[in-house]
2 protein chains.
Amino acid sequence: MSHAKKKSPAAAQPGLTMADLAKLAGVSKITVSRALGDSPLVTAETRERIQALARKHGYKLNVSARNLRLRRSHTVAVIVEMKPSSSRTMWDPYPLSLLGGISQELTSAGYSVLLTTRHDAANAAVQAADGLILLGQGEHEDAVKLYDRMGLPMVVWGAESAQDNHIVVGSDNRHSGVSVAERFLSIGRRHPVFIGNSDHPEMAQRLHGFVDELAGHGIKPLLLRRVDWTLESGVEAVRSLAARKVHFDSIFACSDLLAMGAIRALVELGLSVPNDVSVVGYDDTPHGASFLPPLSSVRQNWQEGGVLLARKVLALIDGLPVSSQVLPTSLVVRAT
Amino acid sequence: MSHAKKKSPAAAQPGLTMADLAKLAGVSKITVSRALGDSPLVTAETRERIQALARKHGYKLNVSARNLRLRRSHTVAVIVEMKPSSSRTMWDPYPLSLLGGISQELTSAGYSVLLTTRHDAANAAVQAADGLILLGQGEHEDAVKLYDRMGLPMVVWGAESAQDNHIVVGSDNRHSGVSVAERFLSIGRRHPVFIGNSDHPEMAQRLHGFVDELAGHGIKPLLLRRVDWTLESGVEAVRSLAARKVHFDSIFACSDLLAMGAIRALVELGLSVPNDVSVVGYDDTPHGASFLPPLSSVRQNWQEGGVLLARKVLALIDGLPVSSQVLPTSLVVRAT
DNA sequence: CGATATCAAGATATCGATATCATTCGTTGC
DNA sequence: GCAACGAATGATATCGATATCTTGATATCG
């Protein structure tokens, strides 16, 4: 028989405690706590001395103990709505840029980022979080209710809607639509098409802005509903327009991939971009910018959005007044 | 003077404790603990009763308390090497797919995913993690040492290297190189070019496989060093080849963007793809697949990689024997 | 000079869960 | 009929930090 013993799981390292430091410094542990916490209740001299000692011995705070005592976790859960096989979810660069901003801001404020997917949100650790950030594209309606029930400070990325009353940070989708309409009008386009999903809150706002601005000039765009945001979907969209013999001279697509697909189909049909048809995409992806011809697109600032999301949860956690916010977008005009 | 008081930060919700449940059930709190933990030390009957009670009252475990007592955090930190303005980091879809797999696997094992960037890795919460997953592209050398010092179970995504002895999960970069070489040979190419950065461990292995396989047929490819993985970089690479009047008939590029840039430059030069020059990219991105002409590319399975990374940290945490692993890649042949 | 304010630091209780040792009760065996 | 046993449960100590209340020493004032 073997005497090979299974290594003890998660072998707890020796690690000093405050009590140890206290003994070393010849003070009580509460003094150590205060010294390390930069409390004004200890002399500058002893504070220095104890902090130096802590550094020297590589003291590490036990986060669990502090969190238990303080009854908070110093953690914000980020819930990513991840439909396993959908076209645009966690796999795309978007939420990731948001995550970057969030992570940067939260960690520099001493908070941790707990990453979860919708499915795991019942997780005990999520419930222990001090706050919630919800990332997802239009899947909110029911989800929000679920999380709201947890009674945690929560901030959502997306489009603000009238009926729900949680804090929302998102891009100015409406203005994006207006900008694109203005652009089309300024270059004399009179028969615009909108490709996207009007059930999606963010896209719906883009559509509204687009429609309203055009309406001011007596123009009514054609709405071409597309659920998928893929290149193929864009191709099909334009083909269906051609099949229906619709006359159009400009396309506002709700994603760069849709736009690129549309352009490809236009070229197939012998139409010239931008001479015959102008096309504007959304998200200003690197691929769109490198496309031939380089794609005009609406850019949103994901990273800044992430930072804002983080700041707002933190403010909520601190009990400060917080309001929703929309971030400006910019239309990047390139060749199309 | 105002009596408007700042809302108490992080107002601790009432939330039942095990002691409360115990009182309700008329048992001791330790029995509650055992019942909720499915311990065999309590009757099936009382276990059911207490679990029902817990459900009914919406009892939530206090994670901090448990972690403190058990001296572990049930958390794995994922450290993303995030060079702020680099071309391929957290902003790209890659680490995100990995994250998806990691998150899925860890949460279903009852662990939490703590997301951090390299810069914040000194963070107390990271040090409290039970394990570490390091994501990054070739930035490991120094970083690994740093994290190793923390003495935590650690798993790294990337290329296995001889000198360091930590667990690595990654794609079979060498085999990818071999596959591409075989492909070029099978279609009669004799003058291949490799575009990439040989200082990058993963790319270096691709290069080795490529070179070795070709060497078996008496062919020595040209190495064109490119640090950036952008489309522009691909364009410049091919232009420089043309400027130097190099004769070549095939290109293995270390990213799809590089490959697409290369193709664009080739077209500009009046060369036909794939008639004059074959091109293979890397990562099999959606954009590459939708490129015109559709790009041939090497696909790696990010999500499965994520799952594996997670499983291996968990195994390490449990003190089980763990070894590095390479995942198969596949060459997706399309039009180029 | 005595009384009070001020300041640094200590003693103790506490956060909520679980490991360990102790207890109770009903069984079983001889 | 009694000892020994085992199953179910309980009592207590503990994880490591911090809030609160005290204590002791020094400074300030009339």
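Naming convention: chains lettered A, B, ... in sequence-line order (proteins, then strands); numbering from 1 in each chain. Keep in mind the model is a prediction, meaning the values are calculated, not measured.
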Grab the [atom1]-[atom2] distance between [X] and [N] for me, whole Å please.
| X | N | atom1 | atom2 | answer |
| --- | --- | --- | --- | --- |
| N62(B) | dA17(C) | CG | C1' | 8 Å |
| H74(B) | dA17(C) | NE2 | P | 14 Å |
| R71(B) | dG16(C) | CZ | C1' | 17 Å |
| I50(A) | dG10(C) | CD1 | C1' | 12 Å |
| L68(A) | dT14(D) | CG | P | 17 Å |
| L16(A) | dC15(D) | CG | C1' | 16 Å |
| R72(B) | dA17(C) | CZ | P | 18 Å |

With sequence neighbours left out, write down each residue that passes side chain to side chain contact (heavy atoms under 4.5 Å, CB included) with V307(A), or none if nothing qualifies. Q104(A), E105(A), R311(A)
Residue T43(A), side-chain atoms from C-beta onward, closest of dA17(C), dG16(D), dA9(C): dA9(C)
Check this one for me: any side-chain N or O of [X] less than 4.0 Å away from OP1 or OP2 of [N]?
| X | N | value |
| --- | --- | --- |
| Y59(B) | dG16(C) | no |
| S64(B) | dA17(C) | no |
| T17(B) | dG16(C) | no |

Provide the closest heavy-atom pair for [X] versus [Y] in the form atom of the first, atom of the second, distance.
| X | Y | answer |
| --- | --- | --- |
| S73(B) | A128(B) | OG-O, 2.8 Å |
| V155(A) | V313(A) | CG2-N, 3.7 Å |
| A159(B) | V168(B) | C-CG1, 3.9 Å |

Categorize V63(A) for me: base, sugar-phosphate, or nothing, with a 4.0 angstrom heavy-atom threshold over every strand shown. nothing
side-chain contact (heavy atoms from CB on, under 4.5 Å) between N62(A) and L68(B), worked out: CA-CA 8 Å; N62(A) 183 317; L68(B) 171 58; 4.0 Å; yes
Strictly under 4.0 angstrom, non-hydrogen atoms only: write out the protein contact profile of nucleotides 18-27 of chain C, one letter per nucleotide from the 5' end, B, S or -. BBB-------
Before you tell me yes or no, could you show the steps for I50(A) and L24(A) under side-chain contact (heavy atoms from CB on, under 4.5 Å), namely the whole-Å CA-CA distance, both residues' side-chain angles and the distance that decides it to 0.1 Å? CA-CA 9 Å; I50(A) 293 177; L24(A) 285 169; over 6 Å; no
Dot-bracket for DNA chain D, please. Rules: Watson-Crick or G-U, both distances under 3.5 Å, ( ) within the strand, [ ] when a pair crosses earlier ones, | for another strand, . otherwise. ||||||||||||||||||||||||||||||
Apply side-chain contact (heavy atoms from CB on, under 4.5 Å) to I317(B) and Y111(B), showing your working. CA-CA 11 Å; I317(B) 291 174; Y111(B) 275 72; 3.6 Å; yes
Between Q325(A) and I167(A), is a side-chain contact (heavy atoms from CB on, under 4.5 Å) present by the stated rule, with each step listed? CA-CA 8 Å; Q325(A) 187 166 346; I167(A) 307 298; over 6 Å; no
Closest nucleotide of DNA chain D for A65(B) versus for G26(B): which of these residues is on the 5' side? G26(B)
Has the side chain of D318(A) got a donor or acceptor atom that lies under 3.5 Å from a matching backbone atom of A315(A)? no
